[in-house]
Amino acid sequence: MLDDFMTRAALAGIGTGLAAAPLGCFVVWRRMAYFGDATAHAAILGVALSLALSLPVFVGTLVVALVMATIVAVISGRGYAMDTLLGVMAHSALAFGLVGVTFLDGVRIDLMAYLFGDILSVSRGDLAVVWGGAALVLALIGWRWSALLTSTLNPDLARAAGIDPKREQLVLTLALAVVVAVAIKVVGVLLITALLIIPAATVRPFASTPERMGILAALVAMVSAWAGLRASYALDTPTGPTIVCVTALLFSLSTVASGLRRAG
């Protein structure tokens with residue numbers, strides 16, 4: 001069954017959506033969209049380092065994402081606003097990565113595949129990485145769900161309950177780095193943040209509990225991945241952007257439905 005490239009692509013898209021959407025709920029709740037975008041942009045530098053050191057791309061992107069998140073955590077609040085710091089680091093890492101790959105002798109690289117994804121070329125090994133990463137992210141979120149939710153809603157209450165908000169921030173950072181490393185093959189670094197944020201934003205008006213929002217966001221992301229893949233195949237359009245377009249259309253429908261419900 002896995003010899004069919006469309007089957008592998010569908011499984012990769014569904015696995016990525018399953019990992020990204022529940023994490024995206026915390027990104028939306030904490031207003032970390034720019035942090036996710038910065039981490040995704042830095043992944044290109046990870047790609048360049050991976051190719052230079054003959055390492056798997058997953059390893060390089062994961063390491064760079066974690067290093068960038070750690071640097072931001074250490075130097076934030078020391079003279080620069082967080083959005084300014086993230087903007088500088090994100091675009092610097094992206095630029096150094098794009099320049100760095102040009103110095104790699106004997107290595108041919110399709111930058112468009114890393115910028116916008118190349119889901120149709122997913123191999124069995126890539127599929128194992130995607131689903132392994134998804135399992136790790138879901139395990140992290142499930143393990144720390146209560147603590148993550150408490151520290152997100154009220155850091156002071158979390159401290160009173162013996163929960164360290166900075167530790168929970170580290171858990172989120174690790175999960176975000178894994179999602180970026182997993183999703184780079186599917187939607188590319190420029191579209192990863194969309195897969196994190198849009199499904200969560202789509203279901204937010206209809207979710208009565210945080211748990212329901214996480215589940216519904218995962219369903220929206222998985223449906224979008226499958227529908228986007230089918231639409232891309234039928235219309236001969238780039239697959240990664242098409243998946244995001246489908247997700248955006250679902251968000252638009254959600255916004256209209258929410259407005260009609262409030263008006264009624």
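Note that these values count all heavy atoms, side chains included, but never hydrogens, waters or copies made by symmetry.
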Under a 3.5 Å distance rule, please check whether [X] uses its side chain to pair with a backbone N or O of [Y] as donor and acceptor.
X    : Y    : value
W145 : E211 : no
T16  : A12  : yes
S258 : S254 : no

Under 4.5 Å between any side-chain heavy atoms of [X] and [Y], yes or no?
X    : Y    : answer
M6   : L120 : yes
I119 : V187 : no
F251 : R204 : no
L191 : P241 : yes
S123 : D126 : yes

Give the minimum heavy-atom separation between [X] and [Y], together with the two atoms involved.
X    : Y    : result
L172 : L23  : CD2-CD1, 3.6 Å
V179 : A19  : CG2-O, 3.9 Å
L45  : A93  : CB-O, 3.6 Å
A181 : T61  : CB-OG1, 3.2 Å
I163 : P165 : O-CD, 3.2 Å
V186 : G13  : CG1-CA, 4.2 Å

Could you grab the distance from atom [atom1] of [X] to atom [atom2] of [Y], nearest 0.5 Å is fine?
X    : Y    : atom1 : atom2 : value
Q169 : R30  : CD    : CZ    : 5.0 Å
L174 : L62  : CG    : CG    : 7.0 Å
S146 : E168 : OG    : CD    : 9.0 Å
L138 : I141 : CG    : CD1   : 6.0 Å
N154 : R159 : CG    : CZ    : 9.0 Å
R144 : F26  : CZ    : CZ    : 11.0 Å

Please determine whether residues [X] and [Y] belong to a single hydrophobic cluster, defined as Ile, Leu, Val, Met, Phe, Trp and Tyr linked transitively by side-chain heavy-atom distances below 4.5 Å.
X    : Y    : answer
V67  : L49  : no
I243 : V122 : yes
V137 : W143 : yes
F96  : V63  : no
W226 : V220 : no

Is the number of heavy atoms from other residues, nucleotides or ligands within 6.0 Å of [atom1] ([X]) greater than 12?
X    : atom1 : value
R167 : CZ    : yes
W131 : CH2   : yes
D156 : CG    : yes
Y233 : OH    : no

For this session: Step by step, work out the side-chain contact (heavy atoms from CB on, under 4.5 Å) result for D164 and L170.
Result: CA-CA 10 Å; D164 184 359; L170 181 61; over 6 Å; no
Exercise. Any side-chain donor-acceptor pair under 3.5 Å between S232 and T239?
Worked result: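 Result is yes, a qualifying pair exists.
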Problem set entry | T242 side chain to R230 side chain, donor-acceptor N/O pair below 3.5 angstrom |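 No.
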